[in-house]
Amino acid sequence: MKLGCHLSIRRGYLEAARAAVRLGANAFQYFPKNPRSLSIKSPVPADAQACAAFCSEHGIVTIAHTPYPTNPAVEPGELREATIASLRNDLEIANACGSAGIVVHFGKYRGNDTLQGYKNIIQCINEALMGYTGSTMLLIENQAGEGGGMGTTFEELVQVRKLCERPELVGFCFDTCHAFASGLWPSGGADSWDRLQQEMERTGYWPALQAVHLNDSVYPREGRKDRHAPIGRGKMGREIFARMLASPVWKEKAGLPVVLETPVAARTTHEAEIRFIRELSRGNEDGCVSG
Ligand SMILES: [Zn+2]
């Protein structure tokens, strides 16, 4: 797996990639444009291609995170048109940057007819991918369960992907904190990862898994709150991550980007946490983690 963290594009995409190298990362996530708005960034900045070339030269895998207001479950209307245009713009930028995918939260539906919410999501994804010729995928992220609890189970995610017109361009980004907060992550401590991974296999989620957001949780299991903590310092704790990261199943997922979205103190970076994660993931080879 490739490991890194979310990085700012304040100085452009290429500079974000250079920053990743300085941190000892070989993956990173970025916002393709202003994270607080659905407004379009056009044309795609010239340094996107320089970023792609730099990443391929340095063996860096990247993913883009769509802006916060992106909600594929939104009802048809003006906002939905803006959402589709924004998603397409994110895809074009990320494709120019050579990224594996754009990460999209499953979506929140505010109406009474839940089925309509799912239909909205599928329709929105279909329209965003209509006529798209890039290879960067759209990666659906599982949610923490705030506001309705949609998008928290493997069954929902797999079903939505299956019903999309171009499922080969749709994959998943698994957020560990959201899985813990929603209760998707089973209770029972360190070996819970093995049971969770078996569920991923059983439901057909595992083959379409394309990225991981690695976050501990500030709140307890099933707290339904999306608040990330540094790895090992939240309610999930170090053992769960040690077991997950050292699992032999990751050998099947060569090149999969694993990205930290954890908080860091002001004027510091994720450098130490990246080193810590590498140590945890080497557990198996060193014989520190059994079974
Ligand atoms: Zn996430």
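When reading the values below, keep in mind they use all heavy atoms of this one structure, side chains included, and skip hydrogens, waters and symmetry mates. The structure presented is a predicted model; accordingly, all values stated were derived computationally and were not measured. Whatever order the structure lists ligands and atoms in, that order sets their numbers, starting from 1.
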Query raised in the report: Angle class for the Phe241/Trp185 ring planes (parallel below 30°, perpendicular above 60°, tilted otherwise)?
Result: tilted
Requested in this report: Would you mind telling me which of Glu261, His178, His6 makes a side chain to side chain donor-acceptor pair (under 3.5 Å) with His213?
Outcome: Glu261
**Report entry** Set of side chain to side chain contact (heavy atoms under 4.5 Å, CB included) partners for Asn112, sequence neighbours left out
**Finding:** none
Query raised in the report: Asn120: what forms a side-chain hydrogen bond (donor to acceptor under 3.5 Å, both in side chains) with it, not counting sequence neighbours?
Result: Glu75, Gln116
Query raised in the report: Looking at Arg202 and Glu199, does any basic side-chain N land under 4.0 Å from a carboxylate oxygen?
Result: yes
**Report entry** Residues in side chain to side chain contact (heavy atoms under 4.5 Å, CB included) contact with Leu129, at least two apart in sequence or another chain
**Finding:** Leu91, Ile125, Tyr132, Arg166, Leu169, Val170
Query raised in the report: How many protein atoms of type N/O/S are positioned less than 2.8 Å from the Zn ion (ligand 1)?
Result: 4
